[in-house]
Asker: 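Structure incoming, see below.
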Amino acid sequence: MVPEKFLKPYDPAATEPSLYTQWEQSGFFNPDKLPDQIERTEPFTIIMPPPNANGSLHAGHALFVTLQDIMIRFARMRGNKALWLPGADHAGFETQVVYEKKLEKEGRSRFEMEPRQLYNEILEFTLANKSFMEGQLRQLGASCDWSRELFTLDERVIKTVYGTFKKLGEDGLLYRGKRIVNWCPKHQTSLSNLETIYQTRTEPFYYFQYGPFVIGTSRPETKFGDKYVVMHPDDERYAQYSEGQKIDLEWINGPITATVLKDEAIDMSFGTGVMTITPWHDATDFEIAKRHTLDYEQIIDWRGKLLPVAGEFAGMNIKEARPKMVEKLKEKGLLVKIDEKYTHEVPVCYKCEREIEPQIKAQWFVTMEPLAKKALAAVDAGDVRILTENHNKIFHNWLENIQDWNISRQIVWGIPIPAKLCSKCDGGFVDIDDTMHGVCPKCGGKLVQDPDTFDTWFSSGQWPFATLGYPDSPDFKEFYPTSVMETAADILFFWVARMIMLGLYRTGDVPFRNVYLHGIVRDAKGRKMSKSKGNVISPLEVSNEYGTDALRMGLIVGNTAGTDMNLDPRKIGAYKKFANKIWNIARFLLENIDEIDITAPFTATDSERRAQMQAIAQDVTDDLENYRPYLAAEKLYHYLWDVFASDLLEESKPIFKTGTPEEVASRKRLLMQNFADSLKLLHPFMPFVTEEIWQSLPAVLRTQDMLMVERWPIVK
RNA sequence: GCACCCUUAGCUCAGUUGGUAGAGCACACCCUUCACACGGGUGGGGUCAUAGGUUCGAGUCCUAUAGGGUGCACCA
C-alpha cells in the first residue's frame, strides 16, 4: 500500500535528478507546450539575468534561481503562459580578467598574444563554463525554457546591439570624443564611472613654493608640466594677480613661465586656494583647461610611467618617482611643508584595486540625460514599479545626476564596436555594413576598424528585447514588456537602469513592469563571501548535502527584498528536516488512508479545518502576488509542522480508532485535501519533495501527472 | 558634499496596510509511546537603540539624538 521509499527518511540526492529530467522532458518549461487547461491567457515572463559563463554558480545565483523559479512555478500553476528565458553572459571585462589570471598562472600574458588567438581561447573557456553552468541551473531546479536559451554573443543579440548603436548615432546621442577616462594601468582599458570604486587613504599632502604662490598637492608626480596656476576670482588673498598674468619662476626641472588663471572651480577653503593644473590627468583640470582653451600634455604613459617631459625622472614608475622628486624639490628649497595626515578618497579599478590613472583618450560616449529623463518619467508614471521604495529612491538619485557613459573598452573579449576610425583626421564613424569602403567621409583619409569592444553592460542593457527577438518575432509581440526583472540590488545602475533606458529608447516601451531586487548573500557571520577569505558557501555542495529544496527554503525564509542576508548552513539543515517532516506526513497518510471519498460531507470541526486551509491558501497567494515569498514560505512551514502535523494528525488518530464512519470519512477527506493543497502551495518553494510525494497520492486528488502543472488552489 | 538604510530573544534575522512580539540556531529538563530521534513534550530569555510627538492603541507613522552601515559624486 505504502510505497517502499516512504519507509526510509527522505533522500534528496536519490530523488531530485530524475524529477528534473521528468519535468524537462515533459516540455512544460516551454509556455507554448503547456496543457490546455490554461485559464489565464496573459503571459507571465521573466528574463533570467544571464549568469557569467566564467565559473561556478555562487550563492547569489542560487538565490536568484530560487526567487525566479518560485515566481514562475506560481504563475504556471495559476494557468499563466509562464516563460522564463535563460541565458549566459560572455561578461566581457569580468571574464577577460578571470582569463588573464589563468594566463598569469601559466606564465603568459595577453599583451604578448595575437588578439584573435586570445579571443578564441577565451571563447573556448567560456563555452565550457557555459555548459557546466547550465547543469548547475538544472540542479537548482530552474524550470526555465531551455529551447529559448540565448548567449550574449549570439548573432541575433549582436545585430540588435548594432542597431541600437546606429540609432544612437543617428539621433545625436552618440559621440566620439577625447575626454578624461578612467584608465586602469594594469588592465589597459578605460572603465565607466561605475567600474571604479573609491578607497579612503591617508597619504602625505605636499605644499610647494611655486613662484609667489604655495600650492598643495597629493600627486607631485603629475606636476612636471604644470604651467598654469589657478585661483578663485573672488579670492581676495590673490586679488593682486590677474588672469593671463605671466610669472617667471623656478620649478622642478628649471625655470618656467607660468600663467595665472581665475576659475570658479577652485575651492578657496581647500589647501592654499591655489593650484596648478594637469589637464591630461585630472577631470577638474581638464574642465578648467577646456574653459580657458589651454594645451593638454600627457605626463604619464598608459602603463603608469613618466614620459620625457619629466626630464631625469622619465621612464620611472610614478610611485617610485614621487619620493625622489619631493626630495629634489626639497633640495631646491621649494618644499614648504608636508601634511602627513591627509585623508582622501582614491578611485581604484573595481577588479584589481590599482589606482585609476585619469587619461585623455578618444572613446565612444552615450549622452545619457535624455534617456534618463524618459526612464524617470516611466518609473514615476508607474510603468515600472521598483521594489523596494528604498531602491526607488536610490534609482532616482542616480538618474537625476547621470553622467555620459563611456562604452568603449580596450579588450578583445566582447562585441566589436562597429565603427571605423580615420588615421588622418582622427574621426570616428559608425559603419556597420562597410558602407564607407575604407574612405573617411570627412577628410578622405584611410579608415581602419575600431579595435575596441563594447562595455558588456551596453549589450546587457538591451537583453530583454534582444532575447525576445525585437522587433518582429512573435515572442517579442507576446512577451514584451516582461512581467518582472528579478536581479541583484548591486547592479541597479549597471544593468536595471540601463535596461529601462535602452528598452524605452529602442522599443518605445519599458522592458519590464516590476523590478524585484535581492541583496547580497553573505556568510553566517555577515561577511561578504570571497575565495581569499575561504568563506564561500557553494550552493551546489549545499544542495548535495541537504537537498535543493532545503537550500531554497534557507535562502528564502526571512530574506526580504533589497536587503542582504546571512546564510547559515545550519538554517538549511533545519529545512532538510522539514522536507523529511513532510515526507513522514505523507507516510502517515498513505498508511492510514487507503481510500477516500472526496464527496464525503465534512463534520462541523472538519469544515472549520478546511476553511483554515483555504485561508492559508489565500494568504500565500496574496503574499506571492505581492512579492513576499519570505512570508509565504514561513507560513507554509508553520502550517504543515505546527498545525497539520502536530494538531490535525494527532487528533485524527483517535478518530480513526473510535470515530463513526461519517467522522472517519470526513476526516480522511479533510486530511488528504488539505495535504494536497499544502503540497501545491509549497511546490514553488520546494519543488522536488512536493512533486515526489504528489505522484504517490491517490489519483482522485490529481488532475495532472505532474504537480508542476497542477491547478493552484486559489484561482481568481 | 548629495542620497539612502539599519539598531527587535545569547547569535543571525522576520514582523505585509498601526491592534497586547516570531523563526532558525543556541540553552535547561524530560521522553526511544505504533508518521517522523532529520522526532515529541515542557521551560528560560526581549520596557522592539534613546527622547519626545500623533493615536483609543505604535516594533509598525512623525521629529530629534546616539551608534553602525551603504550608494553616488568630488578637493587639487
Asker: Check every strand shown and say whether A:Leu649 touches a base, only sugar-phosphate, or nothing at a heavy-atom separation below 4.0 Å.
Answerer: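 Touches a base.
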
Asker: Think A:Thr276 has a side-chain N or O under 4.0 angstrom from the OP1 or OP2 of B:A76?
Answerer: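 No, because none of the side-chain N or O atoms of A:Thr276 sits under 4.0 Å from OP1 or OP2 of B:A76.
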
Asker: Give the dot-bracket line for RNA chain B from 5' end to 3' end: parentheses for intra-strand Watson-Crick or G-U pairs under 3.5 Å, square brackets for crossings, | for inter-strand pairing, dots for unpaired.
Answerer: (((((((..((((........)))).(((((.......))))).....(((((.......))))))))))))....

Asker: Counting the atoms with a prime plus P, OP1 and OP2 as sugar-phosphate, which does A:Gln403 contact under 4.0 Å by heavy atoms, base, sugar-phosphate, or nothing?
Answerer: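 Sugar-phosphate contact only.
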
Asker: So what does A:Tyr198 hit on the nucleic acid, given a heavy-atom distance under 4.0 Å: a base, only sugar-phosphate, or nothing?
Answerer: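 Answer is base: heavy atoms of A:Tyr198 come under 4.0 Å of a base.
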
Asker: Which part of the nucleic acid does A:Lys8 contact within heavy-atom distance under 4.0 Å: base, sugar-phosphate only, or nothing?
Answerer: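 Contact class for A:Lys8: none.
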
Asker: Just checking A:Ala645: base, sugar-phosphate only, or nothing, at a heavy-atom cut-off of under 4.0 Å?
Answerer: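 The residue A:Ala645 makes base contact.
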
Asker: Determine the contact category for A:Tyr342: base if any of its heavy atoms lies under 4.0 Å from a base atom, sugar-phosphate if only primed atoms, P, OP1 or OP2 are that close, otherwise nothing.
Answerer: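 Sugar-phosphate contact only - A:Tyr342 comes under 4.0 Å of backbone atoms but never of a base.
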
Asker: Which parts of nucleotides 6-23 of chain B does protein reach within less than 4.0 Å, heavy atoms only, written one letter per nucleotide 5' to 3' as B for base, S for sugar-phosphate only and - for none?
Answerer: ------SSSSB------S

Asker: Verify the contact: side-chain N or O of A:Tyr10 to OP1 or OP2 of B:C36, cut-off strictly under 4.0 Å; return yes or no.
Answerer: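 Answer no for this pair, as no side-chain N or O of A:Tyr10 is under 4.0 Å from OP1 or OP2.
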
Asker: Could you check whether A:Asn401 gets within reach of a base, just the sugar-phosphate, or nothing at all, counting any heavy atom under 4.0 Å?
Answerer: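 The answer is nothing, as A:Asn401 stays clear of every strand by at least 4.0 Å.
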
Asker: Counting only side-chain nitrogens and oxygens, does A:Lys581 get under 4.0 Å of the OP1 or OP2 atom of B:G40?
Answerer: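 Affirmative; the distance criterion is met.
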
Asker: Just call it for A:Glu400: base, sugar-phosphate, or nothing, with non-hydrogen atoms closer than 4.0 Å on any strand.
Answerer: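 The answer is nothing, as A:Glu400 stays clear of every strand by at least 4.0 Å.
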
Asker: Reckon A:Ser218 touches a base, only the sugar-phosphate, or nothing at all at heavy-atom distances under 4.0 Å?
Answerer: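 Sugar-phosphate contact only - A:Ser218 comes under 4.0 Å of backbone atoms but never of a base.
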
Asker: Using a heavy-atom cut-off of under 4.0 Å over every strand shown, decide if A:Gly216 touches base, sugar-phosphate, or nothing.
Answerer: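 It contacts base atoms.
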
Asker: Check whether any side-chain N or O of A:Asn584 sits under 3.5 Å from a backbone N or O of A:Asn580 as a donor-acceptor pair, and report yes or no.
Answerer: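 Indeed, once roles are kept as given, a pair shorter than 3.5 Å links the two residues.
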
Asker: For A:Phe588, enumerate each residue passing the ring-ring contact (aromatic ring centres under 6.0 Å, His included) test, keeping only those at least two apart in sequence or located in another chain.
Answerer: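 ring-ring contact (aromatic ring centres under 6.0 Å, His included) list for A:Phe588, sorted by chain: empty.
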
